[in-house]
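Please read these numbers as outputs of a predicted model, since none were measured by experiment. In what follows, residues are counted from 1 in the order of the sequence shown.
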Amino acid sequence: MADLELRQEGEVVWATLNRPERLNALSRNLVEELRDFFTGLYWRRDVRVVVLQGAGANFCAGLDLKERAEPQGSRSIGAGLTAQRKISEIVIAMRRCPQPIVACVDGAAAGGGFALALASDIRIATPTTRMNAAFIRIGLSACDIGVSYFLPRMVGSSVAAEYMLTGRFITAERARELGLVSQIVPAEELAATAQGFVDDMLHATPLGLRLTKEALNHAIDAGGLEAVIALEDRNQILASSDGDFGEGVKAFLEKRRPDYVQREG
């Protein structure tokens, strides 16, 4: 059985971290499967949205430390950097792929699991959700796998420092206060809530959805308003010139779901 279970329903892939007996900790194999999946999404037009979740009662407890336990000095620095990059490339691929990612964050989202949640586009929590930069509690820097990039941009530098310098857990309520999660729902309602976001996203044209994620990514680090406006102007002309634009307008006026044409290439 794969450590990453992939189930495609129409244009949506439900990706499940499938190691519940280890709190969905990131084994070497799971790291490889996550990286291959998110990297491959860049070229796929049959997938428009991804829902990321964990099997059982937890999202992801971070790296599987039991599997990775090695005597100090047993590998070279170069080999360590290669192993590190194999993990960090996952969040780069998550931001680069054009499909929005909805994360269903139940229970623990620690260390690498925290990074996966932050690299997603929308996060839904449950009352038991607990997120933290666990790296600093095991002798490492809290700045790992993109956390030091994502967290300050989402909650500000002071709050980010509070949680990254201490490794304290962010509860579900605190996460909602900070804007880290969109909603808190009972665990049994996670999938249905995620499906609601998915349904709304699928009202967008395939190109419009992709361009929106792309523009949001670039706007975060843009040099200023004019740079963002230039990107927005370019994207609106591209989207309005796409063959699906007319169907989107027609469906809106007729108060029905749009029926977009699947285009290759």
From Asn235 atom CG to Leu211 atom CG, the distance as rounded to the nearest 0.5 Å | 4.5 Å
Correct closest heavy-atom pair for Ala172 and Ala125 would be CB-CB, 4.4 Å
pair Ile124-Val105: side-chain heavy atoms closer than 4.5 Å | no
Just do the side chain to side chain contact (heavy atoms under 4.5 Å, CB included) check on Val31 and Ile90 with the steps written out, would you?
-> CA-CA 8 Å; Val31 165; Ile90 296 171; 4.0 Å; yes
Output the distance between atom CG (Asp64) and atom CG (Leu23), rounded to the nearest 0.5 Å.
-> 9.5 Å
CD1 (Ile145) and CD (Glu89) are apart, to the nearest 0.5 Å, by 12.0 Å
Any donor-acceptor N/O pair, Ser148 side chain to Asp144 backbone, under 3.5 Å | no
Under 3.5 Å donor-acceptor, Arg35 side chain and Lys86 backbone = yes
Taking atom CD1 of Ile170 and atom CE of Met131, what is their separation to the nearest 0.5 Å?
-> 5.0 Å
Distance-only check: which donor-acceptor pairs under 3.5 Å involve side-chain atoms of residues 196-209, not counting sequence neighbours?
{"from": "Asp199", "atom 1": "OD1", "to": "Gln195", "atom 2": "NE2", "distance (Å)": "2.8"}
{"from": "His203", "atom 1": "ND1", "to": "Asp199", "atom 2": "O", "distance (Å)": "3.1"}
{"from": "Thr205", "atom 1": "OG1", "to": "Gly208", "atom 2": "N", "distance (Å)": "2.8"}

Test item: Leu178 and Val159 side chains (from C-beta on) under 4.5 Å apart, heavy atoms | yes
Can you tell me if Glu11 uses its side chain to pair, donor with acceptor, with the backbone of Arg48 under 3.5 Å?
-> no
If Ile, Leu, Val, Met, Phe, Trp and Tyr residues are connected whenever their side-chain heavy atoms lie under 4.5 Å apart, and connections chain through other members, are Val12 and Leu52 in the same group?
-> no
Does a side chain donor of either Asn29 or Asp3 reach within less than 3.5 Å of an acceptor in the other side chain?
-> yes
Could you give the distance from CG (Asn18) to CD (Glu33), rounded to the nearest 0.5 Å?
-> 9.5 Å
Evaluate the side-chain proximity of Val155 to Leu180: yes if any heavy-atom separation is below 4.5 Å, no if none is.
-> yes
Side-chain heavy-atom pair Val13, Phe37 within 4.5 angstrom cut-off = yes
Regarding Ser27 and Glu67, is there a side-chain donor-to-acceptor distance under 3.5 Å anywhere?
-> no
Is the CG atom of Leu253 crowded by more than 12 outside heavy atoms at less than 6.0 Å?
-> yes
Check the surroundings of atom CD in Gln236: do more than 12 heavy atoms from other residues, nucleotides or ligands lie under 6.0 Å from it?
-> no
Partners passing side-chain hydrogen bond (donor to acceptor under 3.5 Å, both in side chains) against Arg44 (at least two apart in sequence or in another chain) = Gln8, Asp46
Is a side-chain donor or acceptor of Lys213 paired with a backbone partner of Gln99 at a separation under 3.5 angstrom?
-> yes
Side-chain heavy atoms of Asn58 within contact of Leu17, under 4.5 Å = no
Taking NZ, NE, NH1 and NH2 as the nitrogens, is one of them in Glu214 or Arg95 under 4.0 Å from a carboxylate oxygen of the other?
-> no
If you count the non-hydrogen atoms of other residues, nucleotides and ligands that lie under 6.0 Å from CZ in Arg130, is the total more than 12?
-> no
Starting from the C-alpha separation in whole Å, work towards a yes-or-no answer on side chain to side chain contact (heavy atoms under 4.5 Å, CB included) for Val50 and Trp14.
-> CA-CA 6 Å; Val50 173; Trp14 293 74; over 6 Å; no
Are Val147 and Phe150 co-members of a hydrophobic cluster defined by side-chain heavy atoms under 4.5 Å apart?
-> yes
Compare all side-chain heavy atoms of Arg123 with those of Gln183 and state whether any distance is below 4.5 angstrom.
-> no
Can you check whether Glu32 reaches Arg28 side chain to side chain, under 4.5 Å on heavy atoms?
-> no
Could you give me the CA-CA distance, side-chain angles and deciding distance for Tyr163 and Arg174, then say whether side-chain hydrogen bond (donor to acceptor under 3.5 Å, both in side chains) is met?
-> CA-CA 12 Å; Tyr163 288 104; Arg174 180 64 168 147; 3.1 Å; yes
Are Arg7 and Glu9 ion-paired here, with the side-chain N under 4.0 Å from a carboxylate O?
-> yes
Glu226 atom CD, over 12 foreign heavy atoms within 6.0 Å = no
Ser141 (side chain) donor-acceptor with Cys143 (main chain) under 3.5 angstrom = yes
Would Thr129 and Asp106 count as a side-chain hydrogen bond (donor to acceptor under 3.5 Å, both in side chains) if you check the C-alpha gap in whole Å, the side-chain angles of each, and the deciding distance to 0.1 Å?
-> CA-CA 5 Å; Thr129 297; Asp106 188 20; 5.0 Å; no
Quick one: do the Asn24 and Arg19 side chains pair a donor with an acceptor below 3.5 Å?
-> no
Neighbour count >12 (heavy atoms, 6.0 Å) for atom CZ, Arg153 | yes
What distance separates Ser240 OG from Leu238 CG, expressed to the nearest 0.5 Å?
-> 8.0 Å
Should Met164 and Ile136 count as side-chain neighbours, where that means a heavy-atom distance under 4.5 Å?
-> no
same_hphob_cluster(Met94, Val49) at 4.5 Å side-chain heavy-atom cutoff = no
Determine whether Leu216 and Val181 fall in the same hydrophobic cluster, where Ile, Leu, Val, Met, Phe, Trp and Tyr are linked whenever their side-chain heavy atoms lie under 4.5 Å apart.
-> no
So if you build clusters from Ile, Leu, Val, Met, Phe, Trp, Tyr with side-chain heavy-atom gaps below 4.5 Å, do Leu41 and Leu116 land together?
-> yes
